[in-house]
Structure formats: C-alpha cells, structure tokens
Number of protein chains: 4
Amino acid sequence: MSSKITPNIVSPPKKIKVGILGATGTVGQRFITLLSDHPWFIIEALGASERSKGKRYREAVKWKQTIPLGGLGLGGIGTSETEKISSTDLRSDDGRVGDLIVKGCIPEEFKTCQLVFSGLDADVAGDIESAFRSANISLFSNAKNYRRDPHVPLVVPLVNPSHFSIIPQQQRLHSPSLSKGFIVTNANCSTTGYVIPLAALEKAFGPIESVLVTTMQAISGAGYPGVPSLDILGNVVPYIGGEEEKIEWETLKILGGITDSETEFDKNGIPLKTFDMHQAGGRPALRVSASCNRVPVVDGHMECVSLRFHRRPPPSPQQVREALSAFTPEVQTLGCPSAPRKAIEVFEEPDRPQPRLDVKGTHNGAGVSVGRVRQCQVLDIKFVVLSDNVSIGAATSSIINAEYAVLKGVVS
Amino acid sequence: MSSKITPNIVSPPKKIKVGILGATGTVGQRFITLLSDHPWFIIEALGASERSKGKRYREAVKWKQTIPLGGLGLGGIGTSETEKISSTDLRSDDGRVGDLIVKGCIPEEFKTCQLVFSGLDADVAGDIESAFRSANISLFSNAKNYRRDPHVPLVVPLVNPSHFSIIPQQQRLHSPSLSKGFIVTNANCSTTGYVIPLAALEKAFGPIESVLVTTMQAISGAGYPGVPSLDILGNVVPYIGGEEEKIEWETLKILGGITDSETEFDKNGIPLKTFDMHQAGGRPALRVSASCNRVPVVDGHMECVSLRFHRRPPPSPQQVREALSAFTPEVQTLGCPSAPRKAIEVFEEPDRPQPRLDVKGTHNGAGVSVGRVRQCQVLDIKFVVLSDNVSIGAATSSIINAEYAVLKGVVS
Amino acid sequence: MSSKITPNIVSPPKKIKVGILGATGTVGQRFITLLSDHPWFIIEALGASERSKGKRYREAVKWKQTIPLGGLGLGGIGTSETEKISSTDLRSDDGRVGDLIVKGCIPEEFKTCQLVFSGLDADVAGDIESAFRSANISLFSNAKNYRRDPHVPLVVPLVNPSHFSIIPQQQRLHSPSLSKGFIVTNANCSTTGYVIPLAALEKAFGPIESVLVTTMQAISGAGYPGVPSLDILGNVVPYIGGEEEKIEWETLKILGGITDSETEFDKNGIPLKTFDMHQAGGRPALRVSASCNRVPVVDGHMECVSLRFHRRPPPSPQQVREALSAFTPEVQTLGCPSAPRKAIEVFEEPDRPQPRLDVKGTHNGAGVSVGRVRQCQVLDIKFVVLSDNVSIGAATSSIINAEYAVLKGVVS
Amino acid sequence: MSSKITPNIVSPPKKIKVGILGATGTVGQRFITLLSDHPWFIIEALGASERSKGKRYREAVKWKQTIPLGGLGLGGIGTSETEKISSTDLRSDDGRVGDLIVKGCIPEEFKTCQLVFSGLDADVAGDIESAFRSANISLFSNAKNYRRDPHVPLVVPLVNPSHFSIIPQQQRLHSPSLSKGFIVTNANCSTTGYVIPLAALEKAFGPIESVLVTTMQAISGAGYPGVPSLDILGNVVPYIGGEEEKIEWETLKILGGITDSETEFDKNGIPLKTFDMHQAGGRPALRVSASCNRVPVVDGHMECVSLRFHRRPPPSPQQVREALSAFTPEVQTLGCPSAPRKAIEVFEEPDRPQPRLDVKGTHNGAGVSVGRVRQCQVLDIKFVVLSDNVSIGAATSSIINAEYAVLKGVVS
C-alpha cells in the first residue's frame, strides 16, 4: 500500500453544466451526491418521470442516501482554496440541489447542458437516450440498453477509456451525422469490479486464458424497491437474472481491442471499427464463467476470482500482488478529479477486504480492494475483489468517463 | 423430484444405549435433538466439562435450538405403530433428556453405552476421544482431531461408508489391540455438503479431474458464541481459518479408495491398508481449489461448484441432473433410519435452492439440494449445492454412520 | 409451564369442504400449509386473480414457505390412527394441493364449499367478500375491510369468540336476509398477539385502565414483496402505516362486550346489538397507546407492554405470571383442533422469548409467549409478548374461528 | 430544521496533549478516530493491556472502524486554513497514530498528557482510573465504574455540564487533596440518547413527571466480540443485562440538580454537595420505566419514548417539536469544537429517523434525531429518538466534556 502516485492535476477547465436523467432513482441520487461537490461539473438540470415533473427535487424524491439531501450543493466548487466553496457555506445559500425544479426527460429541457448523465431504468432508457444523442447531446449512461451496440463504447474508466476512439465513427454513422452527440455506457456493476484487477494483470503479465468468478452481490445493486426483504434477510439467492451473461460478454468487449472490421464497411468502403470480442484479432481467446449470488449486504460486491494466464509459468502470488498494487490507469495520470488516488488497494490481512469495513476504502468507492491473493490448485491464481457497486460500479464510472472525455476534448 | 426409492427397512435392532460427549455445546444439542426420537438409540449418558458435571442437563445447558428442550425424550421410540411412543406422550412422562445428570467426559461414566457420539471441541477432543477408544468404546466423532489419522476412516455416510473396512486394522494396531473400540469421524460441514454430488457424479460418469468450489457458509458452522455479530451483520467475511485446506484434502480422502500400501507393513509383514489420496492407485488425480466465505445466514451452507470430468465429451447438464437425482447411497438401501429418503434433491427453478426456504428440505436436513445445473465456460459443469451444516454437515452424519455400523455389525 | 390441560376432543364432525380466496398470496399460502393436514377441513377450491385462473396451483404460485409445496395434501385427515392418512402416503397419491386448478374469486366457483377462508388483499377484499356473503357463504376473513363494520365480529379466537353472537343480527339485517352467509374477521397481527395476555389479565384481575405497547414487527407481516430490503436490512423503521391506529381501536372492539344499543333499532323497533367500545356500558374506559416499528426479523412480532389496572393495589408480577400461564380460552376447552394446548407460555429466563428461537413454540405458532414480567415504575406491570404473526396473527386465527363456528353450529 | 445557530468559536487554546486508555478496544478506536483530526487535542500516548504493550499501535490493534487506520493523524490540526494540516498530507508524513508505541495503563507513562480519556472495560477501569486520579491526572471516562460515585459528575455534555461544579469537592475530599486530578464520567449510551430531548423539554416546559422508554439498541453498544451473531441475526433479544436499571437511575442523576446536603458535612462542618436524585429538593419526582431490547442494527440506538409533564395542560406536539428543534446546549454556545451544530434534528417525515440512514446525521453523530412527535393516549406525548451510540453515546461525549472543561478552565 506504499507506492502511491501524485496525480498530475491539469488546470481545471471552466465550469461545465451537466444534466442528470432519472434523477429521483437510486443511481440518480448517487449522481447528485457525487456531483454536489464536484470541482468542474455544475448540476444544471434534473430529469425524471412525468410523476415528478414540475416539483422541487426535494419533494419529488424519496431520498435514500446516508448523506442528507438538505446540505447538498450544485457542484462546480473548484479545487484551489480560493475557488473552493465549502459545503458548509452552501447550506445557507440558494444553490441547493433540493431546490431545483424537476424537468421531463426530453432534450429540449437540457439544451443548456454540455453533457448529460443517465441513471434511467432500462425500460425507458432506450428511447430517451437515443433522442438525446440525436439532439446532439453527449450522454454518459449507466443503463444497459446500448452496451452491446457495436458503435457504442462500453467503458470501465480504469480499464479501457481508449475505446472512446470509436465515438467519431458513432457520430459519423448517425443520420444526420453528429458533431457533439454520442452515447458512452459504463459496465454492469459486477463486471466493473472484477475487470479492473483483470486489466491490471493483463497489463503486467499478458493475456488471461480463463476466469471463473463467483459473486456475492449487495442488494443496492438491484435498485429500489429492488430485492424484497423476505427474499434476502438471513438468506442467499443463487441467481440474478441476466447477470452471469452480462459478466461473461461485457468482459470480452472491455478487455478486447478495437480493430478494423474485415467484413463491415461504411458507404465509402472504409472498414468500420469493431470491438475485438476475442473471436479474432491478435490476442488469444479468453473464457469467462460467472456464478452470481445475492447476499444480505447493503453496499459492496464481493467476487471470488480464479484465473489462468496464457504465460507459462504463471506469475507468483507475490508478483500478482505487486502488479495489482502498482496498477495506474490513464484516468489517474491524466488527472480526472474523481479517479481514485490508488486504483487497487491490496490487503495483506487474511480476512479482508470486507464490504462493511472496506467498501468505501480510502477513495470514496472509486477504487477496488483485492485480498487473499494465493495460488489456485485448478487454475493459476485466486483472489477476492470488493467493489463499491453504487460508486465505481455505477455513477462514479460515468463521471470519470465524462471527466476523461473533457480532458481529451471529446466533450467541448 | 419423482423417482424416490422406498427404503428397504430392516427389522430394527434391539434398543441401543448411547452416550453423547460435549452434550452442552452446539453440536451436542443437535445430537440430543436428533436422538430424542430416534427409533433405536436411547440416550443413556451425557458428558460435558467440569463446569456442568453433576447438574441436571436442563440447568447445565444454554439451550439454543428452536425445538424446546422441555418436550424432548430419550429416543428408542421404535418404528412400528405399536412400539411408537408419540412425542406428545413423552412430554408428560419421566423420560426427558433435560432430567439427566451430566457426567464428566471419562470412559468409566459411559460403561453402559454401546456407542458414544462426540460433539467435543477440538481443543479437548484429542485426549478424550483417544481415552474412550482405549477403553474399548466405539466412538463416532464430529471433531476434526483424528480426521487425518491414516487409520481412522473419514466417512460421509452418503458417500464412503465402505471406508469402515479399515476399522479392523485400526483395532489391531492399537496396543493392546481392541475388540470393540474405534474412532470414526465425519467430515467438515463444508466438505460434506459438496462431496455428495461429487460422489454421485463420479458414480455415474467416472472420475472428476478438477473442482473449483466457492462457499457461502452459515454462522452456525462456527458454533456458539462463534462469529461476533459485528463481524458478520450485513457483511461477508472472505476467510474461514483452515477451512479451504480442510475441503481440499478431505475431498481426496473421502473420494479416494483404500489400497494396500506398498511401503508400510505391520509386524507380520502384511501390507497396511492406506487411503488412496490420488497420489497413486488406479484412479487419476483430482485437483480441488476452495474459496471459503462466511455470510449472514443462520443455517445452511451454499457452495458454487464448477468441475471438469476426465471423460470426454463430458455429460450434459441434463444428464448431470438425472444422475444427481437418481443417486441412491448404500445407507439408504440398507435402511439406516436417519438416511434421507432422497440423497440429492434437484431443483429446476432458477433461483433455488436457498438456505432460508430449503435448508431442511423434505428430509430434515439429511440430504442436500442442488440447483442451477448448467454448463461452465471454463470447466465442464457448474451448479450450486445447499446443505444443512448442522444436520448432514455434523450430527446427522455421525448418527447415520453409527446406524450403518450397527446394521453392518461393526458395533455389536 | 406445568399445568397443561388435556383438550376435551369432541368427536370430529364429518369432513367439511372449504375454499381459500387469495390462495397464491402470503396469507393464502399459510392457509394451505395449515389446512393440508387439518383433521376436518378438506381443501376443495382455491381462488386467485385473473392472472392465475385456470392454472394448476403449483404453476400459479410463487411458493415461499419453508415446507415444500410438493408434499402437501388436501387435509381432512382425521385424528384417530385408523382415519389418519400420513403425509408420507399423500406424497404418492393424487390428493395434492399443487394439482388443484385455480379458480376466479367468484361465489359460483365455490358453491360446493361449506365455508371459505379469505386471504385477499385489502384492495380487492371489499367487493369480493361482500359478494360471497350475499351468495350465502360463510366467510372467515383475514382482510381488514370489514373489521370496523358494526355488524361484523372482530374475533381473536383465544379472546372473544363470544362475539359470534352478533352473526344472526348480521344475517337478519342483510337484504335479503341470509341463512348461512356471514363475514367474520380476525384482527390485525400486532393486535392479536398482545390482546391475548390482556384478556387473560382482565379475566383474572378485572379491567385494565391503560396500556402502552411498543412493537417490533417482523417483515412477513407486510406480505410479499412487502418491505424492500434496502429499507430494513440492518435497520429499524419506526413507522408502519395505519398500524398504531389499528391496535388502538381493535383492542377496544375485541375486549369490549356486546350490548343492546340505546340509539339504534331494527325495523321492528328491537334494539340492535352493538360493540361496547368503552364509550359506554358497564366497564370502565381503556386507553391504548401504540408505537409500531419494523425490525429485520422474518417471523414473530415482539411487543413491549406496560399496563395499569383499575384494581388497587394491582396484582404482583408473580400473580400476573400465574394468571397468564393458567389462562384457558374457550376454544381450547371446546376442542378446536387448531387451538394451542397452552394459550400463553410464560418464560422465566430473563432473555426470552426471542423470535428466532421461540416463535413457533410448542404449539406451531397458535399460542403466544410472554416473558420478563416485572413491575413498571410508571404504570403497574410490564412484560414482553411474542406472537407468530403468520400463524395466530393471521391464518391460524381464521381457522380456529371456523372450527369454533363448526362446533357451535354457526356453520352447518 | 431551519434555525441553526452559528457557534461562537473562541480562539482555540494552544495544543493540548492527551492520552487514551483502552486504546485497542472498541471505544478506544473511536477515541482515536475522532481525535485524529481534532483541532486542539494531540494524541500523545496510548495505553492498553500487557498483551499490547510495547507494540506499534497498528500491530496491537484489530482495527474495526470503517475509516482506515492508515491515514489517521494525531490531531491538533487547528481550525484556520493556515494552521490546518490536511489529512491528505498526513498520509505521507510521520505523524500517524498507527506508529505510536502502545504503553501500559500506568500514570507514569502518561505524565506528559494534560488530560486522559478512558475507554477501559469495566473489569479493569476501577483501579486504573483511581490510580490516574491519585496521580493528579484529569480523567474523562466512558466506563461505568464511577458513575454512581456521589462525588463524580455523570455528565451528558448536551445536558448537564453544570455538574462539573462538584469537581472541586471531589478534589478536596481526596487524600491528599488534588490540584488537577479528577474523574468525570459520561453516561450509558442508551441513557445519553434519550435524556437529551428530555432535557430540552424540561427546559421549555418544566419538569417531566414520568417517562416510559422502550429501546431498540445496536450491537456495537456491546463492544467486540460482544453479541454472538447466533443470538441476534434475524432476531430481537428483549434483555440487556443491567441496562434498564442504568437508564432508570442515571436519568435521575443527570436531570437532577446539585444541592447542599442536609445530612453530610466535611471535616470543617461545611455541607457536602450532593446530586438531587429527586428524593428531595425543589423539583418534583420523576419516574422512569425502561424496557431494553437488542436488535440487529450495527450502529444507532432507537428509543420509543412516552412521557407526561407536570404542567397541565401539557404542550402540544407542535410545541414539543419546536422546543426540541430550538434546544441549544451550553457546550454549543460556548464553542466546544465537537459539539453538534444542532443538538436535536427533528424529522417531519413519518418514517424517520432510521439508524441506517440517519445515525450520523449532519453532525457526525454528535447530535440526536427525533421523529414522530405525537400525542400519547396514555401519557402526554410520544416520539422516537435515534442516537449514535458509538459517538454521542460514548467517545464523543467524553471529548465534548473535555473541551468544556478546557474552555471553563477546569483543565489547565
């Protein structure tokens, strides 16, 4: 836990107005909590369903966060001391998020936003997000609807922000073509948590050949009302609908590269870029097998991972520990303000990490924790990874993605 | 869930007096609960620590079972209608287990017992159990102390009661040799649960090559006071001391055969029998990798299992389901009264089994439940197994072992 | 816990066909579980919503009981050995409740039933139950809709079955008047549990003047899906909508008598009978103050009760203990088969009763448990009472009410 | 929730070196967490048992806080920007609490401390705390041992810091008399939480006549290992040894005044000061009745309170709400840095406060939350109060007491 890097903070861009879709839901509440003291982003507009439209946010929402809504500001508080508006001061001024009037989820209401976050439910996200993109709005979505779209990057910001490079193609293929609008999605919470150490290990030791992951997932991953208490109190449910499939294919898209397609071309005959799902391309295949369980934990997905490398002999547990601890994603060196100071915290204690004690870690849930790195008698290495499913597993990933896009000039 | 067998009930032996060591502990309480209406066994003597000695059992014990102690009888209630004493009648007569005077754990106090069960803690079980064996008493132990002993069988009654065949050697090698005394142990609770479906699959499809098992274990597995509530409420602890090692080597001893040693001989030069831990012998090696977690569940160990067969091609999920459901252990056909009517209940519902709903099953926790049988993308097959750690995972196994020993004439 | 009575079992009536409305819901599943081995009642018809109509029950229901549906019979199994059909036998014959075809909740479908139980949700129970009564069907309802009706008795079977005497008036006032149809309701679960010891104390020591009750209620009291896990895991919610009001007025109706009204008359000028809600009549007023909390417990409502008697000096804690333990309700002496052998179990241990250990008690949840009887520094006496909210607090009360009605000839 | 006061911050005193006894225990860990960024107090010495003596704190402790030990500093960080050392900086310098060498709990080791906090267990606190006082050390104790001592103030800092006035008598009566040494204790956690609103109401409406309180207490109140998980998971235990008695008499000592005794005198014939336990003095008697329950909640004691005032007519619920919200304790106006900005947060939502969402509130657990203020049908008013048992219920109270003593010159 020693070699921390000092992030290379770039001079913060000027204030950026952002909107939040699905603002009254579980993920929307997390977006608000996280953005309320963001240095760049200023909450400009909140969108929710017809039922909430026109109400003040504090009246529209059933607030379920442990941080009281009352004191939350609108963000854009800067990072230097002179710029900083303390959250204390915010409590007594007008800039409180609870006072905003909730809007409908239509692009016209978000014209003044430079980018929009979506915490929409999957049953409505498809049409709404498409409409926002068509209205030339940059959209960072936590919903699953466009994750499989071959032109939409599925970005875990600590892993594959390079996949942003497909956005120009996404914009060019839209009809009419777009100058600013696009959709970027982040991954499913259980995929996000465990793919970060996988990426660290592939970076250090080359391709992984196979992974077996067994999850023990928190109830907050199912939203609200989500899991009925009669199903989970003092119980384990060995099934989460669609979750295992998501982990299995999302991992392939995230860890794969982007290559020119050999079979698809645009109207000018130029090869389309395509995600390398390990069906082809330079890297060898990766096999993933997931077993997903729901456990009576509020926040924090635990995942028991066993994996086998292509490299023979494989790295030792100590080499794995060091590689995980040293992993420094690009979003960190680039200076994304919400990136964790340390991507992967490696525990030496035999009984850690644990959700209740370690879910937030030292990085407000933006990094992940790994423990119990040891040899696997069947594959090569096994360990446990804990991730904060409502932070890096959801809204935090969207926010870092947006920060990356700003620093890279993808959002202007 | 259809093809149940009708057990071939033998005529019950005459009443058999039994003792229980560690009677006030968690496992001891389970022995008492289970034996209180046993058809053959009559609770004759209870042994506990000095602190409890001389007290009535009801005063010595901090009873933690959901079945009230008040109404529990002494067992030996027969199986035919004429013989049967209903538990209702027992409530008003004198034969109540709560009235027994607790004895010290010394063999002299258990002279009238034909066999003794041990629910002792590991820190005292070693010496006490050895003393009982030396006193020519047949001992069925739930403690871990003698599990690794090369002359002590480690018997999961639904899997390897054939290992009882090593007992004559155990008796002969004792000095002086024993006519009746021996020690048989049952396995660790998390091993017991998952090795039953493994045995069923090896019987149907031949040897397994490798197994990955990730457990989610109930707090009752740690006894009382056991796991502090601050450690487990709303939490998962990804570590149980020594548990993974136990699963890994116990599986090898249980699923292995007994062969004549090529290197060890008794004083007459006769080869000693030895457990085939897959280091040699006819069967190919088996690799086992376990990851153990504690979860906030009271009773019922869940285990996610992935495995690979030697046989190519491997059986299909449907063949696996059928083989599991059809598995009929010898203790069942032989007529052990505590054997489950069905060893493995196979669920078709996608979200079952679950500890809270299914731990007792239709067999009072003497069988196990398997669900979610499906292909594994890395190995061949994966499924989840639920076992009642305080029943088949502990006292119930000892009791079925004793029943088997009685029916086989090992205990007379 | 000594002076148990031997119930005076009357010769069982001939088999009685019963129906269950709301059969797929939480309360309906409890009705089925309890009736599946009832000595008199035979499950003849199951009613549920349009969505379930026409399906086999096993396919229509999301079964959430710990007793598997597979083995449940149809009841009517008698009480003598010759008559008894063991549940084991039932597993292999045709009479299984899972095979029944679910009907719609219309009276025509229940013509062959001699009485009907209702586990309907309140949002549909009003119209359906009224239609059943009008169709001259005897209805025993667990729903709240008619509890406040001045002509409908609100009966906790261990307390006020004498209130059945108002049924002839209910039938006479119906237009057209009814020969067999009526509605009887049981009380809210949290009222039922604590009113039983209150009744025992009023019987022994005369009227109570005031009661303060603070509840800690199980999640199963809210049905399924009921309480979201995010609201209750590791939490206490100090509010249950409408619950405090229910306890406060239901107690008055249940503990009050029935008197001739001085202000209401039927068309013949005969005074109508009315429930003495302590506004008038012989007994002095009773004041009730309730505070209701939801706690993360699956089954079993705990209630801390403090009360003051009219009698000065009040009885001592020991006198209270004895009176509670000696309480023998009429349903018990009359021989209702589902009545508990002991209505109130009094614990001497300082830390009992507890939901997890004691909720079922020795009477399958049909009685209640009281502990910690001691002086109150503000009122007279305080104690804690535990009741099984899904048994005596719900379906079991309806069933005992029906048994009482059969034995009294109210249902023929 | 509007009328917040701006605390009148005095210029902070110069740095004050403090010691912590019982530093490895649950309460000791809380002291460390809270003091690690305290503006005045600097952690100078940590004391623990022989087992820990001589080890670095990070090696001696089994750290169970959600804030990682790694980054915690030693406090004394000032309040102005120039003085402030951000916790970020502390991570990389030497001043980390984990690096301190643990000492034995003997006064000689704490000579350089200006005051000492005690989080000792009751079984050792008696002798050790007495020795520290005799060594002329100012001791602020969370242990129960001296709470009943007639010369030791029992101070809930938001209620009765005026009781510090008895300290000179405590020092004078010591042999030899003390110039600086004394013991001050804070109250039991469940007393502390509910006595704060009682004090607010007595201040506004005059004396209370009787209080009935039913608690639902968190497991962290029992320390570590504390409550076995088998006792509390999915359960309620209606008993906490000694807790009800503590609430009943501590309330009287805290809410009573200090008067000159009419029967006790010092050697000069001067009347001793004595706590008015409502047996005499100007104020009328107060009767308290408590029922204590343990519930499966990690942090946060919920208490359902019903009370009756002497004043007739009593205040309305709305008046009570306003008085609670307006309550401003002296520690707040005086500028104790750890005092909450608002002592009592009053919730209007019907289902709040709840432990999981509200335990920390906006004041890091230093204030309490009250909700559901309404009429009581038996007494006058009822409400629920939530307090953070590990903060205001324990270490935070000791710290505010010490801050008060510093500002008042009791500690120099």
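Order of the sequence lines fixes the chain letters, A, B, ..., with proteins taken first and strands second; residue numbering starts at 1 for each chain.
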Select, from D:Gln354, D:Arg356, D:Lys360, the one with the greatest count of heavy-atom pairs under 4.5 Å involving chain A.
-> D:Arg356
Check each atom of [X] against the heavy atoms of chain D and say whether the ones under 4.5 Å are side chain, backbone, both or neither.
X: A:Asp351; value: side chain
X: A:Val359; value: neither
X: A:Leu357; value: both

Rounded to the nearest 0.5 Å, what's the gap from CD on A:Glu349 to CH2 on D:Trp63? Could you check?
-> 13.0 Å
